[in-house]
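Heavy atoms only: backbone and side chains are in, while hydrogens, waters and symmetry mates are out.
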Amino acid sequence: MSAPTIARESTPALARPPVARATNRRRVGTRHLTPVLFLLPTVLIFGVFSWWPIIRSLVLSFQQTNLVEPASWVGFQNYQTLLDDPLLGKAVTNTLVFTGLALLIGFPLPLFLAVVMSELRRGAGLMRVLVYLPVAVPPVVAVLMWKWFYDPDSGLFNEMLGKVGLGPYPWLQSADTAMASLVVEATWAGAGGAVLIYLAALASVPTELYEAAELDGASVWRRMWHVTLPHMRSILLIMMLLQVINTFQVFTEPFVLTDGGPEDSTVTVLLLIYRYAFVSGDYGSAAALSVSLAAVLAVLSAIYLRLTRTWGTK
C-alpha cells in the first residue's frame with residue numbers, strides 16, 4: 001500500500017500534466033499583464049501630450065508652413081535662418097547671463113533659508129508659509145506685481161529708497177540693471193519650492209551627527225559645512241541641474257516685464273522663439289530653435305550627469 005504513495009510523492013514538478021502547466025503560465029501572464037494595463041492610460045496620455053509634440057516639432061523644423069496651408073519641405077533652411085539672425089547670439093548670451101546670475105543668487109539662497117528655518121525653535125511654521133507663499137501666486141500676477149515694484153515713478157522700491165535719499169533708479173529701463181532685476185523677481189518667485197525640498201532633505205540627516213558636532217563646539221556654519229552639505233550632496237546636484245534647465249527656458253519675466261528691452265538686453269531664447277512663431281509667423285524657424293534648445297539641454301544634462309555620477313555617493 002505504501003509503494004504507490006512513495007511514487008506519487010517523489011514525482012518531479014516537471015511531470016505535472018500539461019493542462020496544469022498551461023494554467024500556471026496563464027496565471028503568470030495575467031499577473032504581468034495587469035500592471036501594464038494600469039500603466040497604459042498614463043503612457044498614452046504622456047505620449048500624446050509630450051512625445052508627439054516633440055516629434056511634430058522636429059518634423060516642423062524642416063518645413064515651411066503657416067499651419068493653415070500644406071507644409072513644404074525646406075531641409076535645413078530654417079536652421080540656416082537662425083544662424084543668419086544677428087539677434088540669436090544676443091539671445092543666447094542673455095540666456096547664459098540670466099542662468100549665471102540665477103545660479104549665483106537663486107541657488108544658495110533657498111539652501112540658506114532652509115538651514116536657518118531648520119534651526120528655528122519658534123515661528124518655523126509661519127516662516128515656511130511666508131517662504132512658500134510666492135509659489136502659490138500665479139506667475140503672471142507675480143510678474144505684474146513686480147512690474148509695479150520696479151516702476152521708476154511710483155514703484156514701491158523707489159518710494160522706499162526715496163525716503164532715505166536714494167534713487168530713483170531705472171530698474172527695468174536700463175540695460176545695466178534690467179537683467180539683474182529679472183533674476184531677483186525669478187528668485188523670489190521660485191525659491192519657496194526649493195526651500196521645502198531642502199527642508200525635507202535636512203530632516204533626513206541623522207540628529208546624532210548634529211548632537212556630536214554641538215558637543216564638539218561646532219557653530220551653525222561649521223555644522224552646515226561638515227554635516228549638512230555632505231549628506232545633501234545628491235539633492236544639491238539634482239537641484240542645480242533642474243535650475244539650469246529651468247533658467248535656460250525663462251520666458252515669463254522678460255516677456256511681461258521688459259518685452260526683451262531695453263535695447264534687446266533681456267531677449268532670451270524662448271522669447272526669440274515666441275517672436276518667430278507669433279510675431280513673424282515663421283513657425284519653421286521657431287520649431288528649429290526649439291529643437292536646438294532641447295538638444296543643447298539634453299547634451300548638457302548628459303554631460304552633467306556623467307561628470308557627477310559618483311559625486312553623490314562620496
Supply the atom-to-atom distance [X] [atom1] to [Y] [atom2], rounded to the nearest 0.5 angstrom.
X: S292; Y: L82; atom1: OG; atom2: CG; result: 6.0 Å
X: I273; Y: T268; atom1: CD1; atom2: OG1; result: 8.5 Å
X: L237; Y: L241; atom1: CG; atom2: CG; result: 9.0 Å
X: L305; Y: L300; atom1: CG; atom2: CG; result: 10.5 Å
X: I197; Y: L111; atom1: CD1; atom2: CG; result: 12.0 Å
X: L109; Y: L113; atom1: CG; atom2: CG; result: 4.5 Å

How about F157 and W146: are their ring centres within less than 6.0 Å of each other?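 Yes, the ring of F157 comes within the 6.0 Å limit of the ring of W146, centre to centre.
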With the side chain counted from C-beta on, respond yes when [X] and [Y] share a heavy-atom pair under 4.5 Å apart, and no when they do not.
X: T93; Y: K90; result: no
X: V205; Y: V227; result: yes
X: V74; Y: Q63; result: no
X: V244; Y: Y304; result: no
X: N246; Y: Q243; result: no
X: R275; Y: L87; result: yes
X: L297; Y: Q249; result: yes
X: V137; Y: M145; result: no

What pair of heavy atoms forms the shortest contact from [X] to [Y], and how long is it?
X: T258; Y: T266; answer: OG1-OG1, 2.6 Å
X: L172; Y: S181; answer: CD2-CB, 3.8 Å
X: A194; Y: M239; answer: CB-CE, 3.7 Å
X: Y283; Y: T65; answer: CD1-O, 3.5 Å
X: A189; Y: V135; answer: O-CG2, 3.7 Å
X: M179; Y: N94; answer: CE-O, 3.6 Å

S154 and D151: side-chain contact (heavy atoms from CB on, under 4.5 Å), yes or no, with the steps? CA-CA 6 Å; S154 60; D151 189 275; 3.5 Å; yes
Working note: Y276 + D85, criterion side-chain contact (heavy atoms from CB on, under 4.5 Å); need CA distance, chi angles, decisive distance, verdict. CA-CA 11 Å; Y276 275 130; D85 189 351; 2.4 Å; yes
Applying ring pair (Phe, Tyr, Trp, His ring centres under 6.0 Å) to F62 and not counting sequence neighbours gives F76, Y79
Using the test ring pair (Phe, Tyr, Trp, His ring centres under 6.0 Å), find all partners of Y274 that sit at least two apart in sequence or belong to another chain.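 F251, F255, F278.
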Can you confirm whether more than 12 heavy atoms, excluding those of W73, are under 6.0 Å from its CH2 atom?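 Yes, because the 6.0 Å sphere around CH2 of W73 holds more than 12 heavy atoms from other groups.
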Donor + acceptor pair across side chains of N158, Y150 (<3.5 Å): no
Identify whether [X] and [Y] are in the same connected component of the hydrophobic contact network (ILVMFWY, side-chain heavy atoms under 4.5 Å).
X: W148; Y: V256; answer: yes
X: W51; Y: L60; answer: no
X: M232; Y: F112; answer: yes
X: L271; Y: L144; answer: yes
X: L156; Y: V184; answer: yes

Residues 95-104, side-chain donor-acceptor partners within the protein, below 3.5 Å, at least two apart:
residue, atom, partner, partner atom, Å
T95, OG1, A91, O, 2.8
T95, OG1, V269, N, 3.1
T99, OG1, T95, O, 2.9
T99, OG1, T247, OG1, 3.4

Acceptor/donor pairs from residues 40-47 side chains to any protein atom, 3.5 angstrom cut, sequence neighbours excluded:
none

Just say parallel, tilted or perpendicular for the rings of F107 and Y198, cut-offs at 30° and 60°. perpendicular
For Q64 and D282: C-alpha separation, side-chain torsions, deciding distance, then whether side-chain contact (heavy atoms from CB on, under 4.5 Å) applies. CA-CA 8 Å; Q64 189 67 40; D282 191 355; 3.5 Å; yes
[X] side-chain N/O to [Y] backbone N/O, donor-acceptor pair under 3.5 Å:
X: S61; Y: A287; result: no
X: S174; Y: P170; result: no
X: N78; Y: T81; result: no
X: S118; Y: L202; result: no

Tell me, please, which residues at least two apart from D264 pass side chain to side chain donor-acceptor pair (under 3.5 Å). none
By side chain to side chain donor-acceptor pair (under 3.5 Å) - contacts of Q80 (at least two apart):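 Q80 satisfies side chain to side chain donor-acceptor pair (under 3.5 Å) with D84 only.
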Pair R128-V131, side-chain contact (heavy atoms from CB on, under 4.5 Å): steps then yes or no: CA-CA 5 Å; R128 295 183 185 187; V131 169; 5.9 Å; no
